[in-house]
Amino acid sequence: MKTYQPSRSPCPIGRAARVLGDRWVILIIRELYLGAQRFEDFIEPLGINRAALTSRLKMMQEAGLLTREPPEGKRARYILTDSAKALTPVFQEMAVWGEEHLFAEGEKPTEWPSA
């Protein structure tokens, strides 16, 4: 199981990469921005297996990116913390950059929610 180990790097980008450098973390945050809340909401859109999702959600809780309500039991909701919500401009800029540089002419990207 993947666990969160805070970085001791003196570089803020290095510390951020420790939390956000995992591909699944970025995509889980994206799904949360798009309205996913429950465990099952992530499986199909991400194509992630249950063990990997469980591991990442737990690690993201430990890193302070999301909360789980209720903390124990079934049918929990996953909610972005203020810390994760502060990433909104980063995600918006990633969407703009991806649209400008990674799509062929005429290819239509999915709509990204504005702030």
Side-chain angles (χ1 to χ4, degrees):
M1 176 176 276
K2 193 165 187 80
T3 59
Y4 175 64
Q5 295 294 320
S7 173
R8 295 185 353 207
S9 172
C11 173
I13 293 171
R15 288 188 184 205
R18 173 67 63 106
V19 178
L20 301 173
D22 182 294
R23 163 183 189 256
W24 291 121
V25 169
I26 296 287
L27 296 176
I28 290 167
I29 292 172
R30 178 197 67 192
E31 291 304 312
L32 286 159
Y33 275 124
L34 295 175
Q37 289 189 332
R38 303 207 185 268
F39 189 89
E40 296 299 326
D41 295 342
F42 300 99
I43 301 289
E44 187 178 331
L46 296 179
I48 189 172
N49 70 52
R50 298 176 84 76
L53 179 57
T54 298
S55 173
R56 291 334 186 273
L57 290 171
K58 175 85 170 137
M59 188 266 298
M60 291 170 72
Q61 284 178 265
E62 292 169 355
L65 294 175
L66 55 86
T67 59
R68 185 180 191 275
E69 294 179 1
E72 302 295 327
K74 296 186 184 231
R75 297 297 300 156
R77 292 178 30 220
Y78 294 92
I79 300 162
L80 292 170
T81 62
D82 288 342
S83 176
K85 289 177 186 174
L87 290 166
T88 299
V90 175
F91 274 76
Q92 288 172 326
E93 288 302 316
M94 284 175 62
V96 168
W97 182 86
E99 184 174 342
E100 290 177 0
H101 299 282
L102 302 175
F103 285 81
E105 189 173 323
E107 192 178 8
K108 181 84 171 128
T110 55
E111 192 68 26
W112 180 254
S114 57

K.L.:
Which atom pairs, one a donor and one an acceptor, fall under 3.5 Å between side chains of residues 37-44 and the rest of the protein, sequence neighbours left out?
P.N.:
residue	atom	partner	partner atom	Å
Gln37	OE1	Arg77	NE	3.3
Arg38	NH1	Arg75	O	2.4
Arg38	NH1	Ala76	O	3.4
Glu40	OE1	Arg50	NH1	3.4
Glu40	OE2	Arg50	NH1	2.9
Glu40	OE2	Arg50	NH2	2.7
Asp41	OD2	Gln37	N	2.9
Asp41	OD2	Arg38	N	2.9

K.L.:
Decide yes or no on side chain to side chain contact (heavy atoms under 4.5 Å, CB included) for Tyr4 and Arg18, but give the supporting numbers first.
P.N.:
CA-CA 8 Å; Tyr4 175 64; Arg18 173 67 63 106; 4.2 Å; yes
K.L.:
Taking C-beta and beyond as the side chain, do Gln61 and Thr67 meet within less than 4.5 Å on heavy atoms?
P.N.:
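When only atoms from C-beta onward are counted, Thr67 and Gln61 do not touch, as no gap falls below 4.5 Å.
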K.L.:
Taking all atoms of both residues into account, what is the closest heavy-atom pair of Glu111 and Lys108, and its distance?
P.N.:
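Closest approach of Glu111 to Lys108, heavy atoms only: OE1-NZ, 4.4 Å.
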K.L.:
I'd like to know if the side chain of Arg15 reaches the main chain of Ser9, judged simply by a donor and an acceptor atom lying under 3.5 Å from each other, with no hydrogens or angles considered.
P.N.:
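Yes; judged by distance alone, with no hydrogens or angles, the pair exists.
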K.L.:
Kindly indicate whether the side chain of Leu65, heavy atoms from C-beta on, has any atom under 4.5 Å from the side chain of Leu80.
P.N.:
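They are not in contact (no side-chain heavy atoms under 4.5 Å apart), so the answer is no.
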K.L.:
Would you kindly confirm whether Val90 and Leu27 end up in one hydrophobic cluster when ILVMFWY residues are joined by side chain heavy atoms under 4.5 Å apart?
P.N.:
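Linked within one cluster.
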K.L.:
Identify the two heavy atoms, one from Gly73 and one from Arg68, that lie closest to each other, and give their separation to 0.1 Å.
P.N.:
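Closest pair (atom of Gly73, atom of Arg68, distance): O-NH2, 2.7 Å.
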K.L.:
Looking only at non-hydrogen atoms, find the nearest pair between Ile28 and Arg56 and report the distance.
P.N.:
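The pair with the smallest heavy-atom distance is CD1-CB, 3.5 Å.
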K.L.:
Show the nearest heavy-atom pair for residues Phe103 and Pro109, with the distance to one decimal.
P.N.:
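That closest heavy-atom pairing would be CZ-CB, 3.3 Å.
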K.L.:
Starting at CD1 of Ile13, measure out to CG of Leu20 and round the result to the nearest 0.5 Å.
P.N.:
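These two atoms lie 11.5 Å from each other.
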K.L.:
Return yes if some donor-acceptor pair links the side-chain N/O of Thr81 with the main-chain N/O of Gly64 below 3.5 Å, else return no.
P.N.:
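Looks like yes, one N/O pair under 3.5 Å.
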K.L.:
Which value, rounded to the nearest 0.5 Å, describes the distance between Thr54 atom OG1 and Asn49 atom CG?
P.N.:
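Answer for the OG1-CG pair, Thr54 versus Asn49, is 8.5 Å.
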K.L.:
What closest approach, in Å, do Ile79 and Glu69 show between heavy atoms, and which atom pair accounts for it?
P.N.:
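Taking Ile79 first and Glu69 second, the nearest heavy atoms are CD1-OE1, 3.3 Å.
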K.L.:
With rounding to the nearest 0.5 Å, note down the distance linking CG in Leu57 to OH in Tyr78.
P.N.:
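These two atoms lie 5.0 Å from each other.
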K.L.:
Over all heavy atoms of both residues, which pair between Trp97 and Leu102 is shortest? Give the atoms and the distance, please.
P.N.:
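Result for this residue pair: CZ3-CD1, 3.4 Å.
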K.L.:
About how many Å separate CZ of Arg30 and CZ of Phe91, when rounded to the nearest 0.5 Å?
P.N.:
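So the gap between those two atoms works out to 9.0 Å.
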K.L.:
Is Ile29 reachable from Met94 through a run of I, L, V, M, F, W or Y residues, each pair having side-chain heavy atoms under 4.5 Å apart?
P.N.:
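Yes, because Met94 and Ile29 connect within a single hydrophobic cluster, where side-chain heavy atoms sit under 4.5 Å apart.
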K.L.:
Any chain of hydrophobic side-chain contacts (each under 4.5 Å) joining Trp24 to Ile26?
P.N.:
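Same hydrophobic cluster.
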K.L.:
Are Leu34 and Met60 connected in the hydrophobic side-chain network, where two residues link if heavy atoms are under 4.5 Å apart?
P.N.:
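The answer is yes; both residues are in one hydrophobic cluster.
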